[in-house]
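These numbers come from a predicted model, not from an experiment. Letters go in sequence order (proteins before strands), and every chain restarts at 1.
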There are 2 protein chains.
Amino acid sequence: MFDKQTRYKRSIVKHLYFARELSCADLSALTQKSVPLTSRVLNELIAEGVVIEKGYALSTGGRRPQVFSLKPDLMYVVSVAMDQLITRITLLDMHNNYVGEIERVELPLGNNPEALQQLTHHIADFISRTAIPIENIVGIGIGMPGFVDVIKGVNHSFLKTDQGSIVSYVESALGIPVLIDNDSSLVALAEQKLGAASDKQNVMVLSIGWGIGLGMILNGTLFRGHNGFAGEFSHIPLFTNNKLCSCGKSGCLETETSLLVVVEKAIRGMQEGKLSMLQGLSLDNVEEASNAIMEAALKGDRFAVELFHETAYNIGRGVAILIHLLNPELIVLSGRGSLAGRLWLAPIQQALNEHCIPKIAENTEIEISSFGYLAEIIGAAALVMEHYDTIKPISGKAKSSLIVS
Amino acid sequence: MFDKQTRYKRSIVKHLYFARELSCADLSALTQKSVPLTSRVLNELIAEGVVIEKGYALSTGGRRPQVFSLKPDLMYVVSVAMDQLITRITLLDMHNNYVGEIERVELPLGNNPEALQQLTHHIADFISRTAIPIENIVGIGIGMPGFVDVIKGVNHSFLKTDQGSIVSYVESALGIPVLIDNDSSLVALAEQKLGAASDKQNVMVLSIGWGIGLGMILNGTLFRGHNGFAGEFSHIPLFTNNKLCSCGKSGCLETETSLLVVVEKAIRGMQEGKLSMLQGLSLDNVEEASNAIMEAALKGDRFAVELFHETAYNIGRGVAILIHLLNPELIVLSGRGSLAGRLWLAPIQQALNEHCIPKIAENTEIEISSFGYLAEIIGAAALVMEHYDTIKPISGKAKSSLIVS
DNA sequence: ATACTTTATTAATTATTTTAAAAAGTATTT
DNA sequence: AAATACTTTTTAAAATAATTAATAAAGTAT
């Protein structure tokens with residue numbers, strides 16, 4: 001792709017992005033290269049205006065190190081987070097701050113042959129409104145539900161296209177490098193690079209949403225499996241409940257644990273006349289309903305708390321299997337459901353006590369993410385920067401002139 | 001540990017060990033180094049007598065490549081495979097052939113405070129009888145059951161020692177580098193490096209024995225988890241059968257699937273008067289009993305076949321979980337139980353059909369290992385050679401002069 | 001004030017790759 | 001059947017990349 005020098009240069013930019021500030025010695029240690037080499041490359045990057053000097057850090061017993069950082073407003077990443085109904089688009093600078101607002105557009109993925117075209121149009125529209133020159137956009141990271149083949153750049157569930165891949169379609173339309181991944185994987189990437197799992201080697205990141213997703217950090221890297229389908233946590237056969245799952249089987253974990261299940265149970269409970277501060281829940285607006293239930297539970301509403309207890313215990317049974325198989329050091333609860341915070345912890349812990357060999361489980365912590373609903377957005381940007389040293393530059397301009405600047 | 005040059009030299013030796021024969025161009029590609037560099041190092045190795053030229057390979061459209069190989073009788077590896085009762089010791093040369101016989105000694109691990117001492121003595125004794133000079137022994141690889149911490153070199157279940165590690169104990173006694181690992185991990189390593197899983201990136205290796213072990217090859221390397229406890233497949237909670245497991249919990253996979261369970265079921269069946277060519281089975285000699293049942297089943301004995309069917313189906317339920325979580329390209333059935341070969345396949349496949357999302361399962365093959373009971377022996381040797389480029393040489397001679405040469 | 005750390009810069013040395021050319025083969029054309 | 005065009009492997013020479021070593025600078029600890 002690039003020659004060695006350029007690759008090392010980009011590798012330094014990448015490290016600075018994720019760590020925000022680093023000294024020359026830090027970079028030398030991180031990249032396993034010598035200090036003089038690192039120093040020379042840093043000076044080149046400063047001359048190019050990519051890197052800036054931020055002054056001196058405190059001494060650790062010797063001369064104080066010069067600290068380097070990326071110039072925030074020279075390069076940008078477009079981050080796209082999709083779910084089956086809503087797509088969020090935003091622009092992030094090199095310090096990982098939004099430029100402007102997060103844009104929300106309705107874009108139904110199910111049974112929508114024009115979804116890819118619409119998506120491309122929305123992104124193009126968004127970019128032109130930011131008024132950032134295309135040359136300054138490093139890449140576009142897109143997270144989406146479904147079976148995503150990261151290498152081929154296709155999604156086996158949604159956004160299907162006649163010929164070629166999603167990646168090549170968007171790239172040739174916009175003239176900017178594109179990277180796609182599964183939504184759960186991106187949540188995990190966000191936690192690993194910038195969140196609760198940073199500096200950890202083996203972490204399971206659960207994203208609790210309308211389904212329940214799993215992203216696995218194994219040996220310090222996001223694990224995808226042979227075809228990119230790894231982490232199908234929600235469809236492991238765990239129950240004998242005869243509830244039909246969306247996947248066609250029955251007894252999947254997903255049939256008993258997700259925010260959707262919580263909402264359904266809540267509605268059924270209300271109909272049966274359970275006492276609660278909740279009212280007027282409806283499946284027509286699950287987002288509102290699930291937020292209401294989370295709020296009520298956090299305020300102590302007994303019925304709402306019980307809903308979480310049952311769901312969380314079942315997640316815990318699944319987590320017990322994860323711990324036995326993969327011996328992680330940390331389990332992170334992320335995704336929109338993590339707003340319910342500590343309500344998940346106790347029942348999950350109880351399930352672990354019942355179903356885990358103590359020797360293994362005692363080495364595994366559980367944490368709630370602080371990213372919540374933003375995790376996928378952060379992850380999509382991280383996806384782009386994670387590949388900054390191997391990304392392929394798009395040859396030539398955008399074929400269609402969707403972007404008016 | 002070593003300087004760069006020595007490390008590259010040893011890395012080439014390592015590649016030659018696992019591949020047996022390679023050309024200079026092959027090695028250059030495998031190690032990502034240039035051909036001239038590789039060529040120079042090869043010539044040095046030839047001058048040292050470590051590598052020999054084996055003549056020319058067939059042309060693939062151009063000049064025929066010179067093929068290189070290790071000199072088989074210059075270096076040796078001691079391979080030790082332990083189970084809870086029997087320990088096997090053997091010596092392997094650089095072409096992975098035994099020198100002499102595999103030695104079998106009784107060495108009970110449970111409740112035996114002197115096990116480590118006895119093990120060391122047996123190895124020392126074995127080495128002195130081979131009459132190979134200690135300098136020519138690259139290392140000792142030891143596979144053992146239990147929770148093995150590979151980094152610290154200790155076993156949390158067996159072979160406990162007051163101070164220090166198993167590794168340091170044996171090393172200082174014998175003066176030879178020692179590497180230990182969990183038995184199931186070594187079976188997986190054997191399959192990856194020299195067996196059914198070679199050149200595969202994501203493989204689950206099940207070793208069916210008195211328990212049921214799992215070794216995971218993920219992204220091309222053996223995965224151990226945070227503390228080295230990954231792969232506890234046999235204790236995932238999968239049944240509601242109230243059968244107490246050795247781990248203290250109930251409902252573990254192991255309570256329904258292992259060769260031990262097969263033998264127990266067979267004995268119970270015989271007592272109930274089931275028709276079969278089997279007779280005189282006893283739990284006092286499970287090894288003999290399980291061999292007899294495997295033989296009978298392979299000969300078509302209906303009762304014996306049924307025993308396998310039930311056990312294999314339950315394994316299949318566990319495998320379905322593995323496939324969903326880790327999306328492997330291959331499942332290998334290895335260990336002593338793999339002698340029953342194809343008997344496992346159909347019931348496992350049936351379980352997968354019932355419990356897997358087709359899209360994922362269709363990308364996963366299942367194979368029977370050809371190593372059988374030898375897998376752990378081969379894996380222990382592979383463990384040593386796998387670390388040949390980073391192994392630490394033991395400083396000084398053996399402290400105790402256990403070895404008389 | 002002295003000894004010890006850590007970081008930064010420069011020069012000298014070493015390691016590695018690239019380039020070029022030769023050697024040894026296969027495949028295709030005349 | 002001979003000539004040629006194209007491959008792949010091997011070796012040698014030249015160019016480049018990267019590290020090590022040495023020194024200086026800037027700090028902490030005693």
Side-chain angles (χ1 to χ4, degrees), chain A residues 1-16 19-71 389-390, chain B residues 1-16 19-48 50-70 389-390:
Chain A
M1 208 71 69
F2 299 116
D3 59 71
K4 267 196 159 182
Q5 296 200 62
T6 312
R7 210 156 58 222
Y8 186 45
K9 202 175 266 187
R10 286 188 167 234
S11 156
I12 284 183
V13 171
K14 182 171 131 180
H15 275 107
L16 284 172
R20 297 197 103 107
E21 296 193 336
L22 288 170
S23 73
C24 178
D26 292 337
L27 281 164
S28 167
L30 282 170
T31 57
Q32 314 253 52
K33 300 282 173 184
S34 67
V35 171
L37 173 63
T38 308
S39 173
R40 201 198 72 206
V41 173
L42 273 172
N43 284 328
E44 284 173 30
L45 285 167
I46 290 172
E48 291 169 25
V50 178
V51 168
I52 48 177
E53 296 182 337
K54 296 281 283 184
Y56 296 92
L58 293 177
S59 167
T60 56
R63 176 171 170 172
R64 295 165 60 185
Q66 176 68 258
V67 172
F68 302 90
S69 176
L70 291 181
K71 190 162 184 297
D389 50 346
T390 54
Chain B
M1 209 70 69
F2 298 116
D3 58 71
K4 267 197 159 180
Q5 296 202 61
T6 312
R7 208 156 59 223
Y8 187 45
K9 202 175 264 188
R10 286 188 167 234
S11 153
I12 284 183
V13 171
K14 181 171 132 180
H15 275 108
L16 284 172
R20 297 196 101 108
E21 296 193 336
L22 288 171
S23 73
C24 178
D26 293 336
L27 280 165
S28 166
L30 282 170
T31 57
Q32 313 253 54
K33 300 284 172 179
S34 69
V35 171
L37 174 62
T38 308
S39 174
R40 202 198 71 207
V41 173
L42 272 172
N43 284 327
E44 285 173 26
L45 285 167
I46 290 172
E48 293 171 23
V50 177
V51 167
I52 48 177
E53 297 183 335
K54 296 282 282 183
Y56 296 92
L58 293 177
S59 166
T60 56
R63 178 170 171 173
R64 295 165 62 188
Q66 178 67 258
V67 172
F68 301 90
S69 175
L70 291 181
D389 51 346
T390 52

Note, Val67(A) side chain near Leu22(A) side chain (heavy atom, < 4.5 Å): no
Any-strand Watson-Crick or G-U partner of dT30(D), both distances under 3.5 Å: dA1(C)
Test item: Ile46(B) and Ile52(B) side chains (from C-beta on) under 4.5 Å apart, heavy atoms: no
Euclidean distance, atom OH of residue Tyr56(B) to atom P of dT26(C) [Å, nearest integer]: 14 Å
Counterpart residues, salt bridge (charged side-chain N to carboxylate O under 4.0 Å, His left out), relative to Lys54(A) (two or more places apart): none
Atom-to-atom span, CG of Leu27(B) to C1' of dT9(D) - whole angstrom: 14 Å
Interatomic distance where CG belongs to Asp26(B) and P belongs to dT8(D) [whole Å]: 13 Å
Spacing of Glu53(A) atom CD relative to dT7(C) atom P, expressed in whole Å: 16 Å
Under 4.0 Å protein heavy-atom contact, by nucleotide of nucleotides 15-25 of chain C - B base, S sugar-phosphate only: SSBB----BBB
Side chain to side chain contact (heavy atoms under 4.5 Å, CB included) between Glu53(B) and Phe68(B), worked out: CA-CA 5 Å; Glu53(B) 297 183 335; Phe68(B) 301 90; 3.9 Å; yes
Contacts of type side-chain hydrogen bond (donor to acceptor under 3.5 Å, both in side chains), residue Arg40(B), not counting sequence neighbours: Gln5(B), Glu44(B)
Approximate separation, where rounding is to 0.5 Å, of Asp389(A) CG and Thr6(A) OG1: 11.5 Å
